[in-house]
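Written below as C-alpha cells is the structure these notes are about.
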Amino acid sequence: AQSVAQPEDQVNVAEGNPLTVKCTYSVSGNPYLFWYVQYPNRGLQFLLKYITGDNLVKGSYGFEAEFNKSQTSFHLKKPSALVSDSALYFCAVRDKKDSNYQLIWGAGTKLIIKP
Amino acid sequence: DTGVSQDPRHKITKRGQNVTFRCDPISEHNRLYWYRQTLGQGPEFLTYFQNEAQLEKSRLLSDRFSAERPKGSFSTLEIQRTEQGDSAMYLCASSLGWASGPQETQYFGPGTRLLVL
C-alpha cells in the first residue's frame, strides 16, 4: 500500500539557519512527489513537485527538495529560514502506475522559525 | 482572484441538519477533487470528478455524502443528517489533467470549516 511518513511533528529552526523537513514514502512503482504548505485557516499551497529527471527540485519561496530513490525520501530544504516560513508542511505521493489520481498525504510537519 | 474558491468559509450546524458546500475551480481545469482534513492530519481523499463525471469515491464517503459537478464547472458537496464526527475542514482542489498521466498539480481552495454541534 502507498504511504507517506513525515517523522517529525514539529521542527524548530532559528531565523537565517538552514531548514530541513523530512519525508519518506512507500509506493510499489515510481513516485510523483509533492510538497504543499498550509498557513493557519488557509488551504494548501503548492510548493514543488518531482516528476522525473534531476533529483533536486526547486520550488516557490526559495524551497527545494531532493529526491533520493534508494532512501525513498523527498526532504524539503531551504538554505536560510524566514520567520514567515512558519507553517504546516505536507508531503504527498502518487504512484505513476496508479490509474486513479489520489494523492496520499503525510500527517504534516509544523515548522516554527524563531527570530 | 482566479484561484479555487469555496463557499461558505465557515459553517456551524446542528446535528441532523443537512449542509451543502460549493467549490468553483480554476476555470480551465477539468479535474476537481474533494478532501476532508481534521486537525493535525493530512487531507483525506473523498471524491474526484473529471469534467462532470464522478470517477472515484472513497470508502470514507458514506451514503450521507453526495457530490455533483453538473456542468463540469462548479461542484457541490452535500452532507445529509450531519453528525459530530463530520466536523472538519472540507477542501476542494482542481487540476488540468490530460491522458499523459496523473502528474498534474492540484490547486487548493481555502476550505470550508464545518462544525457540527
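- Under the 4.5 Å side-chain contact rule for hydrophobic residues, F67(A) and L47(A) share a cluster.
- Interface residue Q38(A): only side-chain heavy atoms are found under 4.5 Å from chain B.
- A distance of 6.0 Å or more separates the ring centres of F34(A) and Y50(A).
- Both Y48(B) and F108(B) are assigned to one and the same hydrophobic cluster, defined by single-linkage of ILVMFWY side chains at heavy-atom distances under 4.5 Å.
- Between Y32(A) and F74(A), the ring centre distance reaches or exceeds 6.0 Å.
- When heavy atoms are compared at a cutoff of 4.5 Å, Q37(B) approaches chain A solely by way of its side chain, counted from C-beta outward.
- The existence of a salt bridge linking E64(A) and K58(A) is confirmed by a sub-4.0 Å separation between a basic side-chain nitrogen and an acidic carboxylate oxygen.
- There is a side-chain donor-acceptor pair under 3.5 Å between Q50(B) and R31(B).
- Residues of residues 19-28 of chain B having a heavy atom under 4.5 Å from any heavy atom of chain A: none.
- Looking at I51(A), the atoms closer than 4.5 Å to chain B (heavy atoms on both sides) all sit in the side chain, from C-beta outward.
- Qualifying ring-ring contact (aromatic ring centres under 6.0 Å, His included) partners for F46(A), counting only residues two or more places apart in sequence or in other chains: Y36(A).
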